[in-house]
Every structure is written in C-alpha cells, then in structure tokens.
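Reading through the structure tokens given below for one structure.
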Amino acid sequence: MRGVLIVAGLLLVAAAPPRIVAISLPAATAMFAELGPGQPSADAINNNCLACHSTEMVLNQPHLTPAEWAGEVTKMRQVYKAPVSDADAAAITAWLVAHDARRRPETPPKSPAKSPG
Amino acid sequence: MTDRRQFLALTAAGLAAPALAASTDLRLPGGPSRRPLTEAFPGKRGMILQRTAPPLLETPLSVFNAGVFTPNDRFYVRWHWPFPTEIDAGAFRLTVDGHVERPLALSLADLARLPQVEIAAVNQCSGNSRGLFEPRVAGAQWAHGAMGNALWRGVRLKDVLDRAGVRAGAVAVRASGLDAPPVDEAPDFAKSLALDHARDGEVMLATHMNGAPLPLLNGFPLRLVVPGWFSTYWVKMLDRLEVLDKPDDNYWMAKAYLVPDTADGGIAPGTASFPRRPISRMGPRSFITSVAAGARVPLRPDYALGGIAMGGDAGVARVEVSGDGGANWVDARLGLDMGRYSFRRFDAVLQPARGAAVLMARCTSTAGVTQPLTGLWNPGGYMRVQVEPLPVDFV
C-alpha cells in the first residue's frame, strides 16, 4: 500500500526522491532433488546450503571433478563460514558428485583447451 | 495491427500457461546452458535468471542492440550477500570516517547540495562471460550479459573526501554497503581504492542512473561508480567510506577477485601457483548484437550488422568486423561518442556467401589496445576480452 502512495507522491513532486523504496523479492522455494534409490540423500544439501543461496548456484555449474566439488564445500565452510558439520559436508559432497555424474552433457566434452598464451 | 494482435494473443497464452515460460540457451560449452527468462523481480523485466537468491540476473544480448544505454529495467543484477529490500531514503546516512579530520554522516539531501556530475560508463562484472571459459571454471555462469552502460549522476568521491578532510598518511578508501552476510563471522563485502584513484575526480557516488533513482536491485540509494574498472569496486547501497592509513587486507581485496599478475591476467590452465594481484581496469570488448548466435539469416548481397563496443579504461578508437572467421576485416562505422567509458555503437555491411559463416567484431581502444583473437584463461574466470566468434548460417 505504501508503494502506491509513494508513486502518487512522485507524480506531485517529481523532483523529490521517494522516501521509502521497498520491493518484494520472489521466494526461492526450489529444493535439490533426491537422486533415487541407492543414491546419496539430498537432505544435507537441502538443510545446509539453501540458507545462503538458491539451488541454481549449484545446478548451473559446469562439470566439476569430485575434488573440485569437495573444494567448493570446503570454501563455503572455511571462507564463508557456513556452519556445516563434517558429516553433513561429506553428505553434501556425495550428493554433488552423484548429481554431476548423472548429468548428461548438453554437448560433447571438449578436449582440454590449447594453451591460451 | 496483425503484429499487435499476435502480441496480445501471445500475452494471453503466456498468462494462461505460465509453465511455458520463456527460456534462453546461453551456448555455454558443455552446459548446462539453458536459463529461464524471469519477470519476477520488481523493476526488472525479461532478465536471464542465473540465481534467485541472492539475485543474479543477466541482460539478454539483444537488449544492447536497442541503444548504447542499457535501460534500468534491463540492467544486470549481482549480489554476494542478502541486502535490505526496504530503504528509508530520509533516514539513510553515508558515514565517512577513519583517517579523516571530520567524520561525516551525510544524508541524501547533503549529497544533493554538493556539485552534481554525470558520466556515461560501462559497469561490467569481473566474471562477465565466465561461462564461456574453457576449461570451464566454477562461479556465476554468465554469458556476455553481466554488463550494462548507464548515464550515472551523483557527486564526486573527491568532493566528499575533501569535506571530511583526508589526513596525512592516508593510502586508501574502503567502501562498503548495506548488504550483509547471513553468518556474522563471514566476510562483509568491502572494496578499496588507492587514495589517488579515489580522488581523481572521476570516481563518483551515484544516486541516479539514466535519469532515474537507482533501482533498489542496482544499489539504491547510492553506489560507487569507478569508470573503467570492473564492477566489483562499484559498491552498491554504499553506506560507509573508511579512509585507511594502511593497505586494505580485508578478504575481498586480499583473497577474492584476484587475477594472475601477468600482462593480460591470463595463465596456462593447471598452473598450480603464481603471483596474483587485485583485478582492476577493464580492456576493450565488442559484441555483435544485431543477430543471435546460430541464427539462419536470409542471404542478401549487402548484409548489415552492428553491435556495441567498449574501450575498457579508454575510449573506442576503431571497430573492425569480419564475415569469414577473422581472415578478412573491414572497418565498421562508429556511432555517437558518449564518452570514453561508454558503450559505442558500430555498424558495418558485409557481402556474405551462402552457407555457414563466423562473424566477428574487434575493438581497438584509444589506448591502442586491440582485442586478441585467442582467449586468456585464469581460475577465477575473470577479464575475458577476446574476439567473440558468432556463428550464423546464410540461407
């Protein structure tokens, strides 16, 4: 309601900046999916990672090696201080690696880039 | 009229079937490459959704074909941490403290009484085009749309620092904003400029872009504008300037946004250890925006194409285009010069042959730097400047 009043006020006093600017961001409700029977559970990644970022941050990444995925989890804990237990960190990494392994590349993998000089 | 009816029909269909929301293919090597287009963010429309929270919204390349200034509602969005979604502009204060004679708490009205300046400048994310790096690297997987050009209005940082009175021995100015990490111990976002740079008369505190107050998603009510430098320094929702008497060792200067300390910021993939420096100035880039990659183009004897170029930390001196993958080049006609830090339009006419073709544009800055044909690589996916091949099919 306040936003409507602000817009009306702007029309009257075009030069004055709006006193209160408020927006409503879309809710990030998507969860990481279970990968199926015998696969690592998505519980740990859903319980820990979504507090700071939505799922796309993970799902839009290119193929990473298991060591690179583990490195990302370590960075989130050590640098960005995500309060993740050792057990959950292992479970998150397991989900990330399993999810990456079952993604079908959209185009054939490239050979390593030639030295870019 | 037909077009309008079709548009209305499409709109109605879109409303009836939200599940069929539009998406776009960013053509990132190896994928994942498809992203939804979103209308869900207030004040923004038709943005490529890279991440919902904290928001990463990319500008579709076609937007840059409509003009050298990027409309506020199409301007890209990038946040590291959560930020306030309600700002009381009347209560807002910019704190200026640290190594100064007179610490200040400036209201927006105080800033409005200082001399107002305007500059056209490209704001480009350090990791713009990261998703096109090969080998691929982790991080926000942008195509080319983590950039935009605006006419920024506000006050000179120099004038604000002069009011506070910088004390002898000061070396840098650290800027931070209202965004804050969700975990207290995590590093709050802050960036520093050397004192001489901060006082060069070009660096400014912007309240307006393209004639309107900054959109909240682009840093309302105040952001740093650092012409010619990557956007990591353009701190949004700027509420504190701290004058430092020693170099800034905070995480975002000392550990993040570092590039290999080589001439072009590149290094061979797999190099284990190398000297690094904070990312800083931008280089020249150019993008053909009149046609999309992979398009089937009806063959005509004279094929007109165009796009935008930037000089980076200098103006645009020259743009050449090629219709044969870089074997032959012709000079493009340059559009109006809106200032050395602005995008500049280019247009050219080619005589293509039927079949597959690779279009290219190549910018040379007024500093004499020309875009290379081969790409650099670094583990952060930063500072891409190479010529961007654009495959099309003339049919």
Side-chain angles (χ1 to χ4, degrees), chain A residues 2-3 6 10 14-30 49-65 68-69 71-72 75-84 96 99-100 103-117, chain B residues 28-35 38 40-43 49-56 81-82 85-91 108 112 131 133-141 181-187 207 213 215-217 220-221 251 255-256 266-270 372 374-377 386:
Chain A
R2 190 148 52 174
I6 290 160
L10 260 183
R19 182 176 169 84
I20 294 188
V21 170
I23 64 170
S24 171
L25 294 174
T29 53
C49 302
L50 298 177
C52 285
H53 60 73
S54 51
T55 56
E56 306 99 321
M57 193 66 224
V58 172
L59 302 179
N60 286 342
Q61 295 305 317
H63 165 69
L64 301 178
T65 64
E68 287 170 330
W69 281 120
E72 292 299 314
K75 182 170 80 177
M76 297 301 152
R77 300 174 75 198
Q78 293 187 351
V79 178
Y80 300 122
K81 309 297 180 188
V84 179
L96 291 167
H99 174 262
D100 193 330
R103 274 196 307 197
R104 195 169 58 85
E106 292 179 14
T107 54
K110 302 263 170 132
S111 56
K114 49 187 180 293
S115 176
Chain B
L28 309 185
S33 202
R34 192 155 281 283
R35 304 283 188 275
T38 179
F41 290 80
L49 180 61
Q50 290 280 10
R51 186 177 69 190
T52 305
L56 298 178
W81 296 128
T85 53
E86 179 172 317
I87 300 280
D88 182 341
L108 293 175
F133 270 60
E134 293 183 82
R136 296 283 298 275
V137 296
Q141 299 299 317
V183 180
D184 282 346
E185 308 83 67
T207 53
L216 191 143
L217 286 169
F220 181 86
Y251 168 79
K255 300 276 177 55
I267 199 155
T374 54
L376 60 79
W377 187 91
Q386 72 209 58

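Because the structure is a prediction, the values reported are computed rather than measured. A note on names: the letters A, B, ... follow the listed sequences, proteins ahead of strands, and every chain is numbered from 1.
- Neither the backbone nor the side chain of B:Gln386 comes within contact range of chain A; no heavy atoms are under 4.5 Å apart.
- A:Val79 approaches B:Pro187 most closely through the heavy-atom pair O-CD, 3.2 Å.
- Taking both residues in full, the closest heavy atoms of B:Thr52 and A:Ala28 are given as CG2-CB, 3.9 Å, listed atom of the first, atom of the second, then distance.
- Here the CD-CG distance, from B:Gln50 to A:Asn60, works out to 5.5 Å after rounding to the nearest 0.5 Å.
- Of the residues considered (A:His53, A:Glu56, A:Glu68, A:His63), A:Glu56 shows the highest number of contacts with chain B, using heavy-atom pairs under 4.5 Å.
- With a 4.5 Å cut-off on non-hydrogen atoms, B:Phe133 does not touch chain A at all.
- B:Gln141 CD to A:Leu59 CG: the interatomic distance, rounded to the nearest 0.5 Å, is 12.0 Å.
- Looking at B:Glu185, both its backbone and its side chain come within 4.5 Å of chain A, counting heavy atoms on both sides.
- Within the 4.5 angstrom heavy-atom criterion, only side-chain atoms of A:Leu64, from C-beta onward, approach chain B.
- If you measure heavy-atom distances from B:Pro181 to chain A, you find no contacts under 4.5 Å at all.
- Neither the backbone nor the side chain of A:Ala30 comes within contact range of chain B, judged by heavy atoms closer than 4.5 Å.
- Distance alone, capped at 3.5 Å, is enough to place a donor-acceptor pair between the A:Gln61 side chain and the B:Gly139 backbone.
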